[in-house]
Protein chains: 2
Amino acid sequence: MMLDTSFTSSASLHDGAPATLIETAYREIRRNIVLGVHAPGEKLRVEHLKTRYAVSSGTLREALALLVSDSLVVAQGQRGFTVAPMSVEDLEDLSYVRSLVECEAVRQSLIHGGDEWEGRLVSSFHRLSLAEERLGARTAEVYEEWERRNFEFHEALVSACASPRLIRLRATLHLQAERYRKLSALDGPRPRDVHNEHQQIVDHALARNADKLVEVLQKHVRRPVDVILRSNLLGTPNADKAA
Amino acid sequence: MMLDTSFTSSASLHDGAPATLIETAYREIRRNIVLGVHAPGEKLRVEHLKTRYAVSSGTLREALALLVSDSLVVAQGQRGFTVAPMSVEDLEDLSYVRSLVECEAVRQSLIHGGDEWEGRLVSSFHRLSLAEERLGARTAEVYEEWERRNFEFHEALVSACASPRLIRLRATLHLQAERYRKLSALDGPRPRDVHNEHQQIVDHALARNADKLVEVLQKHVRRPVDVILRSNLLGTPNADKAA
DNA sequence: TTACAAAAAAATCTCGAGAATTTATCGGCT
DNA sequence: AGCCGATAAATTCTCGAGATTTTTTTGTAA
């Protein structure tokens, strides 16, 4: 059958076998959740989605189950599936855990990384920079390509970490942050700042300066929190507390 | 229908709705994987398992998908499901990540924990101690009850941590370690030592001595590694290196 | 004897329909 | 008017059979 998935270079989670309908549906739904087509908190009714994604209920349920393991969908027995809600609290929590995991992974990567690792890092940074220059276009395709290369850059950064678990965990958390990142990009898109941060990351990494690197990385991870808090996107529950 | 699951007090993952067949199958299979009924690396053929667990293929597939998110089962598209392999490397990796997560969660718990938290901790420790005294019996029921209370104890320890994600992550990792813990219990079961460690954990926690607590906890988490390495359980790949 | 290729068997993946449960609607009562 | 229970609709959960793919077996040739 071989559906055209147009996912030739996607180095994403749960890959290795993009040939099943489950996998295809999984990716498509995940993409639509990240893009906001399926809003946070929205109920994902199997009966409706099966027509949208042109698969049977069983297939769809399995795809949704995969999304549950990514924490992008929540399932409550006998009451169906729901898009994972977004909130300031969740973003805080996510950023906190990300910071913990990402920083530790980077430290390990710095210890074990050799020449090939540096090569991968520089290479992915270069490709990311190229995508950054095209961000002015503001089309969905361009943004998604940037997002993909951003993922690959951060993956390369920790790729010398000796712990497969930590690497996988980092990837999952990175994916969860994507929705928030996209939200924060709506407000103050300062690609220049982001580029500078990435540049600093590379520099400190190549200089093997772990403490400086972690410092920048922490700020980098927390950036969406600050942006979203400041712009008051997302209903801040205690926004009226200032009164 | 309401099958008798005999899981009355199980405070486990993916709970909240144990009323579906998927959930029931999920728990049963998980239990059998942890108990070693389904050996590491073993292929989980849906056609065979559907008779064993008396559910249809679709239901079984969904239950297996849930186990994939627990990292107890690995799925490779178009080639079915397999019990996650066990190895010294994996144990090292798991213990490393567990140590990272568990220690951070405990530190947070120590910061935020109040009187109710101390109450939960003392209470769960007491119940765990009671179960420890019965461990001489060496029956499966007694061991499983101990394992359950051990889980609850460690959960209570981090229960004041403000990060839901970190708490859930800890629980997942704890579950993954269960197979190795059971294996290490086969060799040198020194319940007295384990009890002492738990006692120290409680003492340092109540004394709010974070550094000491983390120190003990790290040793505690790494214990199975030492035991399994020493007894040479699991095929140590370079065991013949000593020759 | 070993290697290679085609056929057979087994297993997975996929589907649509039926049973059980939850949610919404409507009528009656205080 | 507002609340509560019964009926109806919608949705989820579950199943077994059929289509694809993978694995094993078998036969043939070098």
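Here is how names work: the chains are called A, B, and so on, in the same order as the sequence lines, proteins then strands, and each is numbered from 1.
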Result for 5'-nearest mapping on DNA chain C, choosing between A:Ile22 and A:Glu47, is A:Ile22

By nearest-heavy-atom nucleotide on DNA chain C, the more 5' of A:Thr59 and A:Arg79 is A:Thr59

Sugar-phosphate only, base, or nothing, as touched by B:Gly80 at under 4.0 Å among non-hydrogen atoms:
sugar-phosphate

B:Glu23 CD to D:dC13 P, in whole Å, measures 10 Å

Separation of D:dT22 atom P from B:Arg45 atom CZ, nearest Å, is 16 Å

Atom CD of B:Gln76 and atom P of C:dC13 are separated, to the nearest Å, by 10 Å

Presence of A:Arg61 side-chain N/O under 4.0 Å of D:dC13 phosphate oxygens OP1/OP2
yes

B:Leu60 CG to D:dT14 C1', in whole Å, measures 12 Å

| task | Looking at every strand, decide which applies to B:Leu44 at a 4.0 Å heavy-atom threshold: base, sugar-phosphate, or nothing. | result | sugar-phosphate

_Quick check with a 6.0 Å cut-off and a 45 degree axis cone: is A:Arg222 positioned over the face of A:Tyr180's six-membered ring?_
no

Looking at D:dT11, I'd like to know if its phosphate oxygens (OP1 or OP2) sit under 4.0 Å from a side-chain N or O belonging to A:His48.
yes

Taken to the nearest whole Å, OH/B:Tyr53 to P/D:dC15 is 15 Å

Does any non-hydrogen side-chain atom of B:Phe81 lie less than 4.5 Å from one of B:Leu60? no

From CZ of B:Phe81 across to C1' of C:dT12 the rounded distance in Å is 9 Å

Closest heavy-atom pair, B:Trp146 versus B:Ala131, reported as atoms and distance to 0.1 Å, is CA-CB, 4.1 Å

Result for side-chain contact (heavy atoms from CB on, under 4.5 Å) between A:His48 and one of A:Lys50, A:Arg52, A:Arg45 points to A:Arg45

* To do: For residues A:Leu91 and A:Met86, determine if any side-chain heavy atom of one lies less than 4.5 Å from a side-chain heavy atom of the other.
  => no

The nucleotide from D:dT14, D:dC13, C:dT12 with an atom nearest the side chain of B:Lys43 is C:dT12

Whole-Å distance, A:Leu21 CG to C:dC13 C1', equals 8 Å

When rounded to whole Å, the CD to C1' distance for the pair A:Gln78 and C:dT23 reads 13 Å

B:Ser56 has its side chain closest, among C:dC15, D:dT11, D:dT14, to D:dT14

